[in-house]
Amino acid sequence: MRSGLTQHDVDTLVSTIASLSEPRSLAQLRRDTVAVLPSLVRSSLVAWNELDLASGAALVVFDDWYEPTLEQGEVFTSIMGEHPLVTRYLRTGDGRPYKISDFLDEDQYHTSRIYREFYRQIGAEDQMAFELPEPSLVIGLALNRERRDFTERDRSVLNLFRPYLVQAYQTAEALERSQEVLATLTELATDAGDGLVMLDTTGRIAGFAGGASDLLRRWFPDTHGAGLPDDVHDWLRTGRHSTGLVPSAPFVYERAPHKLVVRLLPGCNGDDRMLLVSERGATLSALEWLRACGLTRREAEVVELASGGHTNIQIARRLGISSRTVEKHMQRGLDKLGVENRTAAASLLRDATDRRGSGTPGGAAADENTGRDAGI
């Protein structure tokens, strides 16, 4: 066994790492880590310390039993700049476990400000600490003892534990960022009358936000349980490319005078995905939308027909103009839309009008029996 580690040490290390493997908030991770560390290395008091290098602000989470006074907290923050383990880390960037006794003998420690003004009050005669890599913060986990008897076994255990805590911290950070993004998306969707459906990696519903649940129940009343409606599920299954990209067109379910539009969005946690569910009323026709973008009537007609797959010659015959004139109208229309070619224009037009029926060039007619867009 490494540095005198017993099988019991290894088993305890594995179970402690497993207890922190589930994603949780940063606040919960701080509390949980402080709570489990004494099971790995005996300690009289454990603290999670964060020091903001830019502002000098400090965050400290102690064992539940210890409640520092406001004055003690201010003293602790003020002496961090003189802490030998903090200054060593700032100088070297080495976050591995070290003891105060690695750098100060007993007399030096007892005459130091950090001992006189803080550690003597809590009975800490030695401390072993390690840091987590974070560019803007000094994050240190400190284990205190009433005697100078930390061992190399203790150092080895913390050294083995540290990489897993780094992963847990990064996961908690990512979770909080994703929750902030999701909260913003939910607020925006709710304000617009839309909703979000969170999907897990298997495509099952993981949760709803905004009005998504009510919208789906209203449009698909025959759907039972918490699963997606069959039509939406089939669209997800058949619409995704083999590369796993988002479908090129939304799911559209029409029931005059309204329609339900479902778009697939990347989720906040890597492999997860979300559905943006929107209910829309009557929309502009393709020609109306193009005119609203500043195209002339003739430019709009040319772009609409080209987006439907017509060649310049076919467009010229249909409109009774020359192919050269078609090309001029086409180029002006593309410039006004800010796209480079007719393929891009077709994609933009299809997306903007949210339909694949007769109102959009090249689309198939909607299935009259179900109202579902047969082109999706």
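Just so you know, these numbers use all the heavy atoms, side chains as well, and skip hydrogens, waters and symmetry mates.
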Between atom CG of L59 and atom CG of L137, what is the distance when rounded to the nearest 0.5 Å?
9.5 Å

Within the distance-only criterion (no hydrogens, no angle test), does the side chain of R24 pair as donor or acceptor with the backbone N or O of E22 below 3.5 angstrom?
yes

Would you say N49 and V138 make side-chain contact, with heavy atoms under 4.5 Å?
no

Do T12 and D9 get their side chains close enough for a donor-acceptor pair, meaning under 3.5 Å?
no

List the steps, then state whether side chain to side chain contact (heavy atoms under 4.5 Å, CB included) holds for V34 with F62.
CA-CA 7 Å; V34 166; F62 290 103; 5.9 Å; no

Hphob cluster co-occupancy, I100 + F103, side-chain heavy atoms under 4.5 angstrom
yes

Given side chains that start at C-beta, do those of H110 and E125 come closer than 4.5 Å, heavy atoms only?
yes

Do P133 and E131 make a side-chain contact, defined as non-hydrogen atoms from C-beta onward lying under 4.5 Å apart?
no

Quick test of your reading of the model: are E301 and R298 salt-bridged, counting only N-O distances below 4.0 Å?
yes

Determine whether L85 and L90 fall in the same hydrophobic cluster, where Ile, Leu, Val, Met, Phe, Trp and Tyr are linked whenever their side-chain heavy atoms lie under 4.5 Å apart.
yes

Can you spot which of Q127, R148, R155 makes a side chain to side chain contact (heavy atoms under 4.5 Å, CB included) with K99?
R155

Taking all non-hydrogen atoms of both residues, which atom of S112 and which atom of Y109 are closest, and how far apart?
OG-O, 2.6 Å

Could you check whether any side-chain N or O of R153 sits under 3.5 Å from a backbone N or O of V157, counting only pairs where one atom can act as donor and the other as acceptor?
no

Check: D194 main-chain N/O paired with E279 side-chain donor or acceptor under 3.5 Å
no

Sidechain N-carboxylate O distance under 4.0 Å for D214, R217:
yes

Locate the shortest heavy-atom distance separating V262 from W235; write the atom from each residue and the value.
O-CH2, 3.5 Å

Hey, could you give me the CD1/OG distance between I122 and S44, rounded to the nearest 0.5 Å?
7.0 Å

Looking only at heavy atoms, which two atoms of R145 and V41 are closest? And how far apart?
NH2-CG1, 3.8 Å

Measure the shortest side-chain to side-chain distance between D126 and N144 over non-hydrogen atoms and say whether it is less than 4.5 angstrom.
no

Minimum heavy-atom distance between A300 and L290, given as atom pair plus value:
O-CD1, 3.4 Å

With sequence neighbours excluded, give me every ring pair (Phe, Tyr, Trp, His ring centres under 6.0 Å) pair touching residues 145-186.
none

Keeping S39 on the side-chain end and V36 on the backbone end, is there a donor-acceptor pair under 3.5 Å?
yes

Look only at the side chain of D154 and the backbone of T151, and say whether a donor-acceptor pair between them is shorter than 3.5 Å.
yes

Spatial distance of atom CD1 (I205) from atom CG (L228) [nearest 0.5 Å]
4.0 Å

According to the ring pair (Phe, Tyr, Trp, His ring centres under 6.0 Å) rule, which pairs have a member within residues 116-147, sequence neighbours left out?
F76-F118, H83-Y119

Gap between atom CG of L141 and atom CE of M128 - 0.5 Å precision
13.0 Å

Does L215 reach the side chain of R218, with side-chain heavy atoms less than 4.5 Å apart?
yes

Applying side chain to side chain contact (heavy atoms under 4.5 Å, CB included) to H329 and L295, what does each step give before you reach the verdict?
CA-CA 9 Å; H329 287 313; L295 278 68; over 6 Å; no

Could you tell me the separation between the CG atom of L5 and the CD atom of E152, rounded to the nearest 0.5 Å?
11.0 Å

Ignoring hydrogens and geometry, is there a side-chain-to-backbone donor-acceptor pair from R162 to G95 under 3.5 Å?
yes

Does the side chain of Y253 come within less than 4.5 Å of D231's, by heavy atoms?
yes

L305 backbone acceptor or donor facing H310 side chain under 3.5 Å:
yes

Closest non-hydrogen contact found for A345 with V303 is CB-CG1, 4.3 Å

Under 4.0 Å between a side-chain nitrogen and a carboxylate oxygen: does that hold for R42 and E146?
yes

Heavy atoms only: give me the nearest I114-P84 pair and the separation to one decimal.
CD1-CD, 3.5 Å

Side-chain heavy-atom pair E173, S25 within 4.5 angstrom cut-off:
no

Can you check whether P38's main-chain N or O pairs, donor with acceptor, with S43's side chain at less than 3.5 Å?
no

Could you give the distance from CD (E288) to SG (C293), rounded to the nearest 0.5 Å?
12.0 Å

Would the number of heavy atoms belonging to other residues, nucleotides or ligands and lying under 6.0 Å from NZ of K328 be above 12?
no

So, the side chain of T33 versus the backbone of R30: is there a donor-acceptor pair under 3.5 Å, distance only?
no

Return the orientation label for the F251 and F220 ring planes: parallel under 30°, perpendicular over 60°, tilted otherwise.
tilted

Do the side chains of L37 and L158 get nearer than 4.5 Å, heavy atoms only?
yes

Got more than 12 heavy atoms from elsewhere within 6.0 Å of CG, D64?
no

Is a side-chain donor or acceptor of D63 paired with a backbone partner of Y66 at a separation under 3.5 angstrom?
no

Check step by step if side chain to side chain contact (heavy atoms under 4.5 Å, CB included) holds for F208 and L275.
CA-CA 9 Å; F208 294 98; L275 299 178; over 6 Å; no

Salt bridge flag under 4.0 Å for residues E82 and R113
yes

Side chain to side chain contact (heavy atoms under 4.5 Å, CB included) between R88 and D94: does it pass, once the steps are laid out?
CA-CA 8 Å; R88 180 208 58 79; D94 182 359; 3.3 Å; yes

Checking R324, R317, E327 against N312 for side chain to side chain donor-acceptor pair (under 3.5 Å), the one that qualifies is E327

How about Y98 and Y89: are their ring centroids closer than 6.0 Å?
no

